[in-house]
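The next block holds one structure in the form of structure tokens; read it before the comments.
Ligands are counted one by one from 1 in listed order, and the atoms in each one are counted from 1 as well.
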Amino acid sequence: MKIKSTLFILTLIAFNTFSQKRTIQSTEQWRPAIHFSPKKNWTNDPNGLIYINGNYHLFYQYNPQGNEWGNMSWGHAKSRDLLHWEELPVAIPHGKEYIFSGCVVYDKDHVSGLGDPNKPLLIAIYTADYPNTLQEQHLAYSNDEGLTWTKYDKNPVLSINLKDFRDPNIIWHAPSKQYVMTVVKPWEYTAQFYGSKDLIHWSLLSEFVQQGDIDMIWECPSLLELPVENSKETKWVLALSSQGPYKKAVGMQYFVGNFDGKTFTNEAPKEQVNYVDYGRDFYAAIPFYNTVNKEVFWLGWMLSWSYGKEQPTFPWKGQMSLARTLSLKRTAQGLKLKQVLKPDLTSSKPSFEAKNLVLKGSKTLSGMKFLQDKTYIIELRVDASNAKQWGIELGNEAKENPELTRIGFDEKSQEWFIDRRLSGVVPAPGFDMIQSAPLIKGEDKVLQLVVDHSTLELLAQDGTVAISSLRFPTKKESVRLVSLGGELRIKELRIWEIK
Ligand code: FRU
């Protein structure tokens, strides 16, 4: 009798768990169309971004078994245009070690001596994480464009016996004829540079210690040589990610200076902080390698560690930003990182266009009705306005629980903003916030916004200001132009529907 009732209870528990699982609804309405997201399961950082044989390869932190962080392995997708992605089998599965973030180098001259000398060779260098014990840098190689990888049998290639030591990113530094790895000691706010001729033996070149924002921890560094706009000059930029108790809600910062093959020197005062993106949802961006004409572009993870596990999507969690071409622009406030969409979808003919509009209050233009449920880019160029606040509203005026996401500029505080306080589902406390970024003085007020379902990317002032943000509306939205507290002169409004 006792056995029977225990069995009955067990069956009941099993049934309950099963039906709970079944009731998790798929949330395809929030899946972005041109931003990469895996078909199912969890993703965070992009890894090993590389262009090979007409394809852009995106490896990414991936949990092959579930919709939360864990079992970290490298997922893999490829694309010919950075907009349509084909998901491929898991590239580097975890063993006892988790496969954390890292990069891929095209070993054109087979300097590593690994693999088949007659086939193109890719080298992945990533952090092997032994949970709560040790992080060291491992190598794996591939002779089939990244589909399958062999873990090097003499790993690690670099270890300093530290629990937290991660996220190697490697460039070829032509003047000093060596590979240079940038890697971080997260809790010491330290980036280290190592040099190597063969990608296997690494020796310490120098350290970059505790500059800029050191409130958080440092992760995912990269060293970039960027063109300075309208000049023949290039400058070196050290970019890195941070996380933890956010001071101002931002995840990435950069330093501008020089790299001489040994040391990176920051040109700005040590305390100066430059943020890459003022939104909560842009993290761990790293550049693509082996690109045509050495063009530098990157993409980042569009989510935040502060509420990643609560992202209300199923069966996937985590998505990437669009790719952005990088350069430096001289402004009244010094050199600023400029990020322009790649491909630049705004260089084609707009689907809708209007010039010299004067706006007061809130307006849905008849030409904008087609945008519901679509993926699109809106660009607004404005004249000096006497409005207090202006921009775009995505919303629904339902009598009960109206929803509204506001994107624009505040003339009083002189700040760009994305306000998601009323934007729909609030997955975690604090998500319902205003994210803002200071105006770059002396530059035109141009607002460019990508709307791709749950993802928003605001690139203002020709890409010198960025705010990337998620939001989860539950109702159909219309798009309105808004001018509050006065009149707004719109020089030009352009909209591109992305099909
Ligand atoms: C950054 C990060 C990296 C690490 C990876 C683990 O988001 O914490 O430092 O390699 O994620 O998934």
Might you work through the salt bridge (charged side-chain N to carboxylate O under 4.0 Å, His left out) test for Lys78 and Glu87, ending with a clear yes or no? CA-CA 7 Å; Lys78 68 174 182 183; Glu87 201 172 325; over 6 Å; no
Mode of Ala284 contact toward ligand 1 - side chain, backbone, both, neither (heavy atoms, under 4.0 Å):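 It is neither; nothing of Ala284 touches ligand 1.
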Report yes or no: do Thr313 and Arg31 form a side-chain donor-acceptor pair below 3.5 Å?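 There is no such pair (donor and acceptor under 3.5 Å, judged by atom type) between the side chains of Thr313 and Arg31.
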Tell me, which protein residue and heavy-atom name are nearest atom 8 (O) of ligand 1, and how many Å apart are they?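 Nearest neighbour among protein heavy atoms for atom 8 (O) of ligand 1, to 0.1 Å: Glu219 OE2, 2.8 Å.
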To check your reading of the model: name the closest protein heavy atom to atom 2 (C) of ligand 1, its residue, and the distance in Å.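 Of every protein heavy atom, Asp45 OD2, 3.3 Å lies nearest to atom 2 (C) of ligand 1.
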Could you tell me, atom by atom, which parts of ligand 1 come under 4.0 Å of a heavy atom of [X]?
X: Gln61; result: 5 (C), 6 (C), 12 (O)
X: Phe100; result: 4 (C), 6 (C), 10 (O)
X: Ser101; result: 5 (C), 10 (O)
X: Trp305; result: 1 (C), 7 (O), 11 (O)

Taking both backbone and side-chain atoms of Trp301, is any N or O found less than 3.5 Å from an N or O belonging to ligand 1?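 N/O-N/O distance below 3.5 Å does not exist for this pair.
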Do ligand 1 and Tyr283 have nitrogen or oxygen atoms that lie under 3.5 Å from each other?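 Tyr283 vs ligand 1: no N/O contact under 3.5 Å.
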Test salt bridge (charged side-chain N to carboxylate O under 4.0 Å, His left out) on Glu457 and Arg324 and set out the steps. CA-CA 11 Å; Glu457 287 183 69; Arg324 304 171 180 177; 2.7 Å; yes
The test is salt bridge (charged side-chain N to carboxylate O under 4.0 Å, His left out); show your working for Glu443 and Lys329 and say whether it passes. CA-CA 11 Å; Glu443 302 292 311; Lys329 182 167 187 181; 2.8 Å; yes
Could you point out which residue of Phe59, Tyr62, Trp74 forms a side chain to side chain contact (heavy atoms under 4.5 Å, CB included) with Ile92?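 Single side chain to side chain contact (heavy atoms under 4.5 Å, CB included) partner of Ile92 among Phe59, Tyr62, Trp74: Trp74.
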Main chain of Pro473, side chain of Trp30: is a donor-acceptor contact present, judged purely on distance under 3.5 Å?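 Yes, Trp30 side chain to Pro473 backbone: donor-acceptor pair under 3.5 Å.
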Does ligand 1 have any atom sitting under 4.0 Å from a heavy atom of Tyr98?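 The answer is no, since Tyr98 has no heavy atom less than 4.0 Å from ligand 1.
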Would you check whether Asn44 reaches within less than 4.0 Å of ligand 1, judged by its heavy atoms?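 Contact present.
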Check this for me: Trp187, atom CH2, are more than 12 non-hydrogen atoms of other residues, nucleotides or ligands nearer than 6.0 Å?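 Counting neighbours around CH2 of Trp187, 12 or fewer heavy atoms of other residues, nucleotides or ligands fall under 6.0 Å, so no.
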Out of Leu303, Asn47, Asp167, who is nearest to atom 3 (C) of ligand 1 when you count heavy atoms only?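 It is Asp167 that holds the nearest heavy atom.
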Thinking salt bridges, do Asp419 and Arg421 make one under a 4.0 Å N-O criterion?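 Between Arg421 and Asp419 there is a salt bridge, with a charged N closer than 4.0 Å to a carboxylate O.
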